[in-house]
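One structure is given here, and the rest of the page talks about it.
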Number of protein chains: 2
Amino acid sequence: MEQIAEKKKAIFESTLELVKDNGFHGTPMSMVAKNAGVAAGTIYHYFESKENLLCELFSYIRKQMIEAVQQGDDESIPYKDRFFGVCMNLYWFYINNPNVLKFFEQFVNSPYNEKGSMSDDFNSLLFNFYQKGIKSGQIRNVTPEIASVLAHGNVITMAKIHTFGKIAFEDTDLKQILQILWNGMTNNQSTDQDT
Amino acid sequence: MEQIAEKKKAIFESTLELVKDNGFHGTPMSMVAKNAGVAAGTIYHYFESKENLLCELFSYIRKQMIEAVQQGDDESIPYKDRFFGVCMNLYWFYINNPNVLKFFEQFVNSPYNEKGSMSDDFNSLLFNFYQKGIKSGQIRNVTPEIASVLAHGNVITMAKIHTFGKIAFEDTDLKQILQILWNGMTNNQSTDQDT
DNA sequence: TGTGACCGAATGAACATTCAATTCAGAAAT
DNA sequence: ATTTCTGAATTGAATGTTCATTCGGTCACA
């Protein structure tokens with residue numbers, strides 16, 4: 001990752017924080033500027049427009065997530081363990097960066113995101129990861145999109161409960177939920193045990 | 001539900017549709033007015049402000065959801081079947097009202113929602129439903145919030161895949177996922193089946 | 001002829017963006 | 001070592017636009 005000018009970073013962090021608190025609207029550039037300790041014009045030295053600022057911020061975070069999710073991952077360890085590892089990494093990233101979840105939710109349904117439907121390396125990464133699990137027969141034969149969204153969706157849900165509901169999950173709780181998910185996503189056992 | 005004036009309903013529907021397409025910002029009152037076939041001033045005959053319009057719209061939809069989710073539900077049928085029924089109802093509501101999901105996501109993280117933290121009868125309904133399942137020992141002993149968000153979260157995820165991913169789920173797919181969830185949420189079976 | 005629904009041009013505030021002016025760091029010249 | 005020069009970084013007041021909201025007036029109907 002290239003060295004980012006101090007100011008630029010400050011603008012990123014301010015934007016992230018303000019968007020969390022005030023939403024997407026409700027954060028005028030003037031406010032970003034004040035909060036970052038720069039003049040309004042300075043932002044336009046680094047970014048073409050508000051839209052551009054938001055898009056760059058999105059990429060900036062996505063890059064961090066790519067790194068975070070791959071921590072300790074390794075092609076050589078068993079797939080199940082990789083699955084757990086990736087999910088846990090993602091979970092902890094959200095926990096440690098609580099502003100990110102809110103920003104994403106705002107961003108995902110916004111004109112900015114829709115426009116160019118920007119390429120999303122992070123998404124591709126997960127996508128490929130699940131595809132591998134499916135091809136090797138370890139994950140039930142669903143499309144990688146479904147696998148990806150189901151797993152990621154549950155991680156996000158957990159992170160939200162944790163962050164907004166202020167409920168403290170332990171690693172064991174998370175593992176338990178992932179185990180449920182894993183059972184469901186893998187091929188062994190789908191027996192119905194009632195009536 | 002009280003009878004709603006034609007114009008008022010048109011304003012609701014327009015808002016919902018426009019918010020889906022253009023996001024929350026990006027839908028000026030003038031646009032809502034034009035799309036609803038009324039004058040700008042008319043909106044202010046029915047609603048105090050834009051904020052008020054959005055909040056009323058939220059309640060309006062929530063009321064519909066309360067009805068939708070209870071279709072065919074009945075205290076007398078087995079809890080498991082009620083669980084499946086409620087989830088399926090919710091799923092089909094989202095499928096049949098694809099604008100709603102986007103509107104909610106915008107609404108949930110917005111200044112409007114945060115402010116008064118409005119009472120939400122729909123949420124209470126689900127909450128009580130899960131509480132009942134937990135008290136009667138049919139659902140694993142988690143807080144009702146967790147049960148609620150986990151189940152609802154997965155329904156939403158499925159609905160999103162369906163609506164935005166344009167993947168056609170069958171009822172059987174949905175049932176399969178719900179079965180996985182149910183297995184995970186109930187007490188029997190949580191055995192780890194590897195190494 | 002009074003009342004309430006409805007209209008839409010006019011108002012004013014908020015905001016993104018611009019730009020002329022200023023500072024600053026370091027390279028080049030002396 | 002000191003001065004000069006240059007372009008990049010930074011500033012914040014000014015600009016123009018986009019809206020939410022208002023309000024005086026019209027229309028339909030009792």
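Labels below follow one simple rule: chain letters A, B, ... track the order of the sequence lines, proteins then strands, and each chain is numbered from 1.
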Between C1' on C:dC19 and CE on A:Met29, what's the gap in Å once rounded to a whole number?
16 Å
For atom CD1 of B:Ile11 and atom C1' of C:dC6, their distance in whole Å
11 Å
Do B:Ile95 and B:Val155 sit in the same hydrophobic cluster, where Ile, Leu, Val, Met, Phe, Trp and Tyr count as joined when their side-chain heavy atoms come under 4.5 Å apart?
yes
Result of checking A:Glu51, A:Glu48, A:Lys8 against A:Glu56 for side-chain contact (heavy atoms from CB on, under 4.5 Å):
A:Lys8
Quick check on DNA chain C: between A:Gly41 and B:Lys7, whose nearest nucleotide comes earlier from the 5' end?
B:Lys7
Length of the CD-P vector between B:Glu6 and C:dC6, whole Å
10 Å
Min and max contacting nt of DNA chain D in 5' to 3' order, chain B heavy atoms within under 4.0 angstrom, are D:dC19 to D:dT22
How long is the line joining NZ of B:Lys50 and C1' of C:dA14, in whole Å?
13 Å
Salt bridge flag under 4.0 Å for residues A:Asp120 and A:Arg62
yes
Residues in salt bridge (Lys or Arg N to Asp or Glu O under 4.0 Å) contact with B:Lys9, at least two apart in sequence or another chain
none
The nucleotide from C:dA5, C:dC7, C:dT17 with an atom nearest the side chain of B:Tyr46 is C:dA5
Heavy-atom distance under 4.5 Å between the side chains of A:Tyr94 and A:Thr163, does that happen here?
no
Identify the two heavy atoms, one from A:Ile134 and one from A:Asn141, that lie closest to each other, and give their separation to 0.1 Å.
CG2-OD1, 3.8 Å
For atom OH of B:Tyr44 and atom P of C:dA9, their distance in whole Å
16 Å
Between atom CD1 in B:Ile43 and atom C1' in C:dA9, what is the gap in whole Å?
16 Å
Taking C:dA16, C:dA9, C:dC7 as options, the one with an atom nearest any side-chain atom of B:Ala40 is C:dA9
